[in-house]
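Working notes, structure below.
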Amino acid sequence: MQQYRPDTVCIHAGYTPKNGEPRVLPIVQSTTYRYETGEQMGKLFDLEEDGFFYTRIANPTLDAVEKKIAALEGGVGAMLTSSGMAASFMATFNICPTGSHIVSSNAVYGGTFNLFNKTMREMGIETTFVHPSATKEELEAAFQENTRAVFCETLSNPSLVVTDLELFAQVAHEHGVPLIVDNTFPTPINCRPFEFGADIVVHSTTKYMDGHAVQLGGVIVDSGNFDWTNGKYPALTEPDESYHGITYTKQFGKAAYITKARVHMMRDLGAQAAPMNAFLLNLGLETLALRMERHCSNAQKVAEFLEKHPKVSWINYPGLASSPYYQLAQKYLPNGSSGVVSFGVKGGREAASKFMSGLKLASIVTHVADLRTCVLHPASTTHRQMSDQELLEAGVKPDLIRFSVGIENPNDILEDLEQALKQV
Ligand SMILES: *Cc1c(COP(=O)(O)O)cnc(C)c1O
């Protein structure tokens, strides 16, 4: 396909109908695919030929959406999963076996923190957490001989820390391990982490990519750039007995990691996305560029309004010059960060609760990054499993209000904020 610009890629990549075929990506609601000979089917099972045989491994609707997202991020391949959590787990577990170690930013989604800090620890995979603003020396100090991956978020949920991706990638590569980046908040419209040295990208597609809050999903994208043959990844460079001794790096080259994710992780863990969900996600992707532009311009207006408001005690939006992450945002997110603004209301927790109940247009929901403006108090909801100390270390102040600016008319959002702040 010709090299189109991102907004065109959003609409056209991944699916090109042939003569007489449906113009819109069809939902292939079939678990299985028919072949004329058993021999053909056998070749598919041995990964000797490309083709669909069982939807847990691959499905034509999913395949089209995977190709679109890979094109948007600039990767060699992608794999959809049933949720963002499944994507983060499989992206790390694919290369971090029991006995290995991960270096992760501590400013990550609450669920991801739990996954690393509890579940994967119970599986014998240790994680050392670092601050996303860590210096090179601080990052280096977190590495161990058995470290196999570095993990961070481009723009953290909900503290909105912009990570210095080039620094994280540099230190990861100096230690012979890949950088995995959760790029959920900026989306590839606002940041393409591969351009800054990231090796693997994951998303919760539940958020902006879908944008309408209608499906739960995740995706793993492989840049194809990491060299797995440095001796640290035998699962990729030595024969896989469960696939008749194929060696992923030999047989699949640049797509070794994403192929193993599919035929090993997805085959055995089975957190596959549903074709209907992939269809819905694709509808969201078609308007992603348009929506992100509006989310960002609306959020900038909201941030500027809140910054001047006497009842607001503090605010962080990377598009404000007062944000500690403004410089990093100028570098990594020049088109805007996202629609999410975090701030505190004078009077702490109680005032926050009063303010939130007073909102009429914005609704209190767990969700974020939706086209409808929504609001949440993370310390008492999504991040409640973290101790006060862990919250502070992750930059989530106890009074932090996460305000996810939608694509409504900005004046209606500002008026809603004004009337709710009056009630505090
Ligand atoms: C929501 C979210 C996740 C988890 O995704 P689910 O689709 O809810 O499983 C992971 N990372 C970030 C940054 C998120 O916002």
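Both counts, for ligands and for their atoms, begin at 1 and track the order of listing. Values below: every heavy atom of this structure, side chains too, minus hydrogens, waters and symmetry copies.
- Of all protein heavy atoms, the one lying nearest to atom 7 (O) of ligand 1 is T206 OG1, 2.6 Å.
- Using a 4.0 Å cut-off between charged nitrogen and carboxylate oxygen, K136 and E174 count as a salt-bridge pair.
- Applying the 6.0 Å contact sphere to NZ of K354 captures no more than 12 heavy atoms from other residues, nucleotides or ligands.
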Passes side chain to side chain contact (heavy atoms under 4.5 Å, CB included), K254 versus D222? Steps please. CA-CA 9 Å; K254 278 183 168 298; D222 184 355; over 6 Å; no
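- Look at E304 and K308 and you find no salt bridge, because none of the NZ, NE, NH1 or NH2 atoms lies under 4.0 Å from a carboxylate O.
- In terms of protein heavy atoms, atom 2 (C) of ligand 1 is closest to K207 NZ, 2.5 Å.
- Interface of S83 with ligand 1, defined as ligand atoms under 4.0 Å from a residue heavy atom, comprises 7 (O), 9 (O).
- Short contacts between ligand 1 and G84, defined as distances under 4.0 Å to a heavy atom of the residue, involve ligand atoms 5 (O), 6 (P), 7 (O), 9 (O).
- In terms of polar-atom proximity, defined here as any N/O pair under 3.5 Å, V368 makes no such contact with ligand 1.
- Closest to atom 8 (O) of ligand 1, if we only count protein heavy atoms, is Y109 OH, 4.0 Å.
- Looking at I102, L115, T119 one by one, the single match for side chain to side chain contact (heavy atoms under 4.5 Å, CB included) with I125 turns out to be I102.
- Put simply, part of G217 is less than 4.0 Å from ligand 1, judged by heavy atoms.
- The contact set between ligand 1 and E153, taken as ligand atoms under 4.0 Å from a residue heavy atom, comprises 13 (C).
- Between K360 and E415 no salt bridge is recorded (no basic side-chain N to carboxylate O distance below 4.0 Å).
- For R372 and D370, the salt-bridge test passes: some basic side-chain N is under 4.0 Å from an acidic carboxylate O.
- Scanning all protein heavy atoms for the shortest distance to atom 13 (C) of ligand 1 gives D182 OD2, 3.4 Å.
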